[in-house]
Amino acid sequence: MKRLEKQFYEQPTLELAEQLLGKIFVRMLPGNIRLTARIVETEAYLGQDDEACHAWRGKTARNQIMFRAPGTMYVYFTYGCHYLLNIVSEPEESAGAVLVRAMEPLEGLAFMEGQRGTSSLTNLMSGPGKLAQALALDSRCNGKDLFGDEFFLENAPPLPASMIGTSTRVGISKSRELPWRKFMINNPHVSKGKVTRM
DNA sequence: AGCGTGATCTTT
DNA sequence: AAGATCACGCTG
């Protein structure tokens, strides 16, 4: 499949959160190891009117990446042990990003199993911290874009609306009412603990 | 259901 | 300088 170009990321954050479902995330590792996985769960975060967004009060040292060009990776560290992967949206100098919450592992399973310390397929990437660990994402990835030879997305047909579920976001204490979580209905790799079907 | 673990942000 | 919070995951 063709790689997704800059233009794909230049759509409103909420639409991007939906359009990312089904797309294939690729990481190339030294030794020609190819890690790939299908995105099955996302959440939208917007600078303004969204108190759960890191950037809702403006630019800081941590969140400045969210103000960069669409298609940039925002990877941050939280709870003392987890990295979380976001894909930056919205034009440069306005903050927005889509949190990638779950993926379905496809290629490079042995590497991912080693990273995660399990061989249970549905436990490899069924959460934002898990998928970052499976793909060995860390702060060195923060600020890199998805247009190079190491990280990129491959295109896939858009999901039919009947396969897309919507709910409120997971694990936040502010702006809890916003229905900005999107997921692939009945996919076993969607994170546990909230609605996975409709 | 409880808690680790450390960076970040807010308040003093 | 100190305190609170945290877009989580694992054990029990």
Side-chain angles (χ1 to χ4, degrees), chain A residues 9 12-21 25 37 39-68 70-90 94-105 112-144 146 165-184 187-196:
Chain A
Y9 302 90
T13 303
L14 204 46
E15 291 175 29
L16 184 63
E18 268 195 43
Q19 290 297 314
L20 281 169
L21 295 176
F25 183 90
I39 298 175
V40 299
E41 180 181 351
T42 60
E43 281 177 0
Y45 286 86
L46 264 179
Q48 51 185 29
D49 302 325
D50 178 8
E51 291 189 48
C53 178
H54 288 169
W56 75 284
R57 288 211 228 217
K59 201 182 277 191
T60 68
R62 175 175 70 162
N63 69 28
Q64 50 159 324
I65 301 297
M66 288 186 81
F67 293 81
R68 300 258 286 261
T72 303
M73 294 194 291
Y74 171 44
V75 178
Y76 72 92
F77 184 68
T78 190
Y79 287 106
C81 36
H82 305 296
Y83 291 95
L84 272 62
L85 168 67
N86 296 254
I87 297 174
V88 173
S89 59
E90 302 296 320
S94 31
V98 175
L99 170 67
V100 182
R101 284 196 54 87
M103 294 180 178
E104 174 178 345
M112 296 179 188
E113 288 168 2
Q115 285 291 300
R116 290 278 302 128
T118 176
S119 55
S120 159
L121 272 190
T122 52
N123 198 21
L124 283 188
M125 309 182 96
S126 53
K130 296 180 188 180
L131 72 87
Q133 187 181 28
L135 293 166
L137 302 176
D138 58 30
S139 48
R140 295 192 302 269
C141 311
N142 190 32
K144 293 193 176 175
L146 292 166
T166 297
S167 81
T168 54
R169 296 173 294 182
V170 177
I172 54 171
S173 59
K174 299 179 178 175
S175 299
R176 299 187 64 154
E177 70 286 354
L178 298 173
W180 286 1
R181 172 173 175 255
K182 301 285 173 183
F183 58 93
M184 195 180 293
N187 185 292
H189 299 89
V190 169
S191 68
K192 320 298 183 228
K194 209 153 186 171
V195 196
T196 62

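Here is how names work: the chains are called A, B, and so on, in the same order as the sequence lines, proteins then strands, and each is numbered from 1. What's counted below: heavy atoms across the whole structure, side chains too, no hydrogens, waters or symmetry copies.
- Contact check, A/His54 against C/dA7: a side-chain N or O comes under 4.0 Å of OP1 or OP2.
- One N or O on the side chain of A/Gln64 and one on the backbone of A/Ala61 form a donor-acceptor pair closer than 3.5 Å.
- When side chains are defined from C-beta on, A/Leu14 counts as touching A/Trp180, because their heavy atoms get closer than 4.5 Å.
- Checking B/dT10, B/dC9, C/dC10 against the side-chain heavy atoms of A/Thr60 singles out B/dC9 as nearest.
- To the nearest angstrom, P of C/dA7 lies 16 Å from CG of A/Leu46.
- Side chain of A/Asn86 to main chain of A/Tyr74: a donor-acceptor pair is present (N/O by atom type, distance under 3.5 Å, no hydrogens or angles).
- Using a cutoff of 4.0 Å between basic side-chain nitrogens and carboxylate oxygens, A/Glu41 and A/Arg181 are scored as salt-bridged.
- As a whole-Å value, the separation of A/Glu51 CD from C/dA7 P is 13 Å.
- As judged by a 4.0 angstrom heavy-atom cut-off over every strand, A/Arg176 is placed among residues making no nucleic acid contact.
- Scanning both residues, A/Arg62 and A/Tyr76, for their nearest heavy atoms gives NH1-CD1, 4.0 Å.
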Please list, for nucleotides 3-5 of chain B, all pairs of protein and nucleotide N/O atoms separated by less than 3.5 Å.
unit_1: B/dT5; atom_1: O2; unit_2: A/Tyr79; atom_2: O; d: 2.4

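- Rounded to whole Å, the distance from CZ on A/Phe77 to C1' on C/dA7 is 15 Å.
- In this model, the phosphate group of C/dA7 is not approached by any side-chain N or O of A/Arg181 to a distance below 4.0 Å at OP1 or OP2.
- Using a 4.0 Å heavy-atom cutoff across all strands shown, A/Arg62 reaches sugar-phosphate atoms only and no base atom.
- Rounded to whole Å, the distance from CG on A/Asp138 to P on B/dG6 is 16 Å.
- The interatomic distance linking A/Met125 (CE) with C/dG9 (P) rounds to 12 Å, in whole Å.
- For C/dC6, the OP1/OP2 oxygens have a side-chain nitrogen or oxygen of A/Ser173 closer than 4.0 Å.
- Separating the CG atom of A/Leu131 from the P atom of C/dC8 is a distance of 11 Å, rounded to the nearest angstrom.
- Atom P of nucleotide B/dT10 and atom NZ of A/Lys174 are separated by 9 Å, given to the nearest angstrom.
- Closest approach of A/Leu85 and A/Phe25 over heavy atoms only: CD2-CE1, 4.0 Å.
- In this structure, A/Tyr83 places its OH atom 16 Å from C1' of C/dG9, rounding to the nearest Å.
- Base-pair partner of C/dA7: not found among the strands shown (Watson-Crick or G-U wobble, both distances under 3.5 Å).
- More than 12 heavy atoms of other residues, nucleotides or ligands lie within 6.0 Å of CD in A/Glu177, so this atom counts as buried by the packing criterion.
- Taking for each of A/Asn123 and A/Ile172 the nucleotide of DNA chain C with the nearest heavy atom, the 5'-most of the two is the partner of A/Ile172.
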